[in-house]
2 protein chains.
Amino acid sequence: MSTSHLKEALDTLKQTGVRITPQRHAILEYLINSMTHPTADEIYKALEGKFPNMSVATVYNNLRVFREVGLVKELTYGDSSSRFDFTTSDHYHAICESCGKIVDFHYPGLDEIEQFASHVTGYKVSHHRLEIYGTCSECSKKEAH
Amino acid sequence: MSTSHLKEALDTLKQTGVRITPQRHAILEYLINSMTHPTADEIYKALEGKFPNMSVATVYNNLRVFREVGLVKELTYGDSSSRFDFTTSDHYHAICESCGKIVDFHYPGLDEIEQFASHVTGYKVSHHRLEIYGTCSECSKKEAH
DNA sequence: TAAACTAATTATAAAGATTATTAAATGATA
DNA sequence: TATCATTTAATAATCTTTATAATTAGTTTA
């Protein structure tokens with residue numbers, strides 16, 4: 001499952017003429033396997049063991065490259081640093097306001113709102129962004145105590 | 001219209017026991033009158049004339065205070081700095097990817113998605129966030145040339 | 001395979017936004 | 001007015017991200 005994602009991603013890079021370096025391979029692999037939507041720093045720290053002298057700039061550079069190619073989405077929430085999400089299919093995020101956990105979920109047919117907004121604002125709409133905020137079940141349980 | 005907003009806001013502050021200083025008054029007033037969802041720095045620059053020796057920290061501090069009281073919402077988009085929005089009624093934002101202009105629009109009945117998400121993820125949902133991205137009519141015209 | 005060229009990485013510095021700190025000033029209250 | 005808590009201003013510090021320049025690695029071509 002995730003290995004095929006990785007394979008596809010590497011193919012995409014090849015086709016776009018982006019070199020597949022060990023660092024890029026590792027960052028992609030980490031992004032695909034981690035379900036946590038990590039920050040650049042988290043990726044950096046996670047790969048420190050494998051690449052003792054990789055620089056943070058490399059992480060940022062490659063995340064930018066991935067984003068430009070469309071492999072990765074950059075998510076900005078209220079907190080200080082961006083989070084990065086390997087783009088599989090279109091989905092939305094539910095964010096726990098207590099522990100920060102992010103869960104993906106699908107919800108079809110929100111295109112009509114794009115049409116509506118386009119009509120009301122006069123904007124030529126390219127895409128939209130939607131997030132749900134709340135408390136995850138674990139944190140709800142903890143609060144109950 | 002906007003004066004009543006200001007009055008209400010000042011009342012809220014009074015009730016919460018937050019002092020109404022000239023700086024706070026000015027920041028609130030600016031936020032209410034400006035339709036531009038300014039950054040902290042823009043607010044700072046706009047009020048430099050009135051308060052020649054106000055510090056940026058004051059702007060940040062008070063925006064935090066306003067946010068905690070619920071008068072102001074902090075918006076984080078892809079760009080580096082947060083934008084601040086006086087919370088009137090619930091509305092969504094349409095953002096121009098070319099010039100950055102933000103337009104408000106209303107869209108009723110998106111509560112069902114909260115219920116759906118709650119059901120799928122197990123989250124206790126508190127609120128959601130939705131944005132539309134695209135090109136505003138001015139920029140569309142410019143591009144046409 | 002070696003030489004030449006291009007791209008990527010590293011290390012470091014720099015920029016920009018936000019927060020923390022502390023002393024001085026202000027406003028509320030008795 | 002005196003007192004006390006809050007707020008401001010000035011500044012430093014922190015944190016995230018980007019820019020720069022030198023080195024390294026990868027690719028291509030002869």
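In what follows, every chain begins at residue 1, and chains take the letters A, B, ... in the order their sequences are listed.
Between B:Glu42 atom CD and C:dT18 atom P the separation is 11 Å, expressed in whole Å. The distance between atom CZ of B:Arg24 and atom C1' of C:dG27, rounded to the nearest whole Å, is 11 Å. Nucleotide D:dT6 holds its P atom 17 Å from the CD atom of B:Gln23, rounded to whole Å. Put simply, NE2 on A:His25 is 14 Å from P on D:dG26, counting in whole angstrom units. At whole-Å resolution of the value, NZ in B:Lys45 and P in C:dG16 are 10 Å apart. For the pair B:Asn62 CG and D:dT6 C1', the computed distance is 11 Å after rounding to whole Å. Rounded to whole Å, atom P of C:dA17 lies 13 Å from atom OH of B:Tyr44. Distance, B:Phe51 CZ to C:dT26 P: 13 Å, rounded to whole Å.
Side-chain contact annotation: A:Tyr133 with A:Glu131, donor-acceptor N/O pair under 3.5 Å present. At a cut-off of 3.5 Å, with distance as the only test, no side-chain donor of B:Thr135 or B:Glu97 sits close to an acceptor on the other residue. Using modelled atom types, one finds no donor on one side chain facing an acceptor on the other under 3.5 Å when comparing B:His5 with B:Asn33. Using modelled atom types, one finds a donor on one side chain and an acceptor on the other under 3.5 Å when comparing B:Ser82 with B:Glu74.
Looking at every heavy atom in both residues, A:Cys96 comes nearest to A:Cys136 through SG-N, 3.4 Å.
Under 4.0 Å is where a charged nitrogen must lie from a carboxylate oxygen, and between B:Lys101 and B:Glu138 at least one such pair does.
Of the side-chain N and O atoms in B:Thr39, none sit less than 4.0 angstrom from OP1 or OP2 of C:dA17.
With DNA chain C read from its 5' end, the first of the two nearest nucleotides for B:Ile20 and A:Val18 is the one closest to A:Val18.
Taking the six-membered ring where the residue is Trp, B:Phe116 and A:Phe105 present tilted rings, their angle falling between 30° and 60°.
Terminal axes of the helix from C:dT1-D:dA30 to C:dA30-D:dT1 (five pairs each, C1' rotation axis) are separated by 30°, to the nearest 10°.
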What nitrogen or oxygen pairs link the protein and nucleotides 10-16 of chain D at under 3.5 Å?
residue, atom, partner, partner atom, Å
D:dA10, OP2, B:Asn53, O, 3.3

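Checking D:dT8, D:dT27, C:dT10 against the side-chain heavy atoms of A:Arg19 singles out D:dT27 as nearest.
Using a 4.5 Å heavy-atom cutoff, the side chains of B:Phe66 and B:Leu28 are in contact.
Between B:Tyr92 and B:His128, the distance from one ring center to the other falls under 6.0 angstrom.
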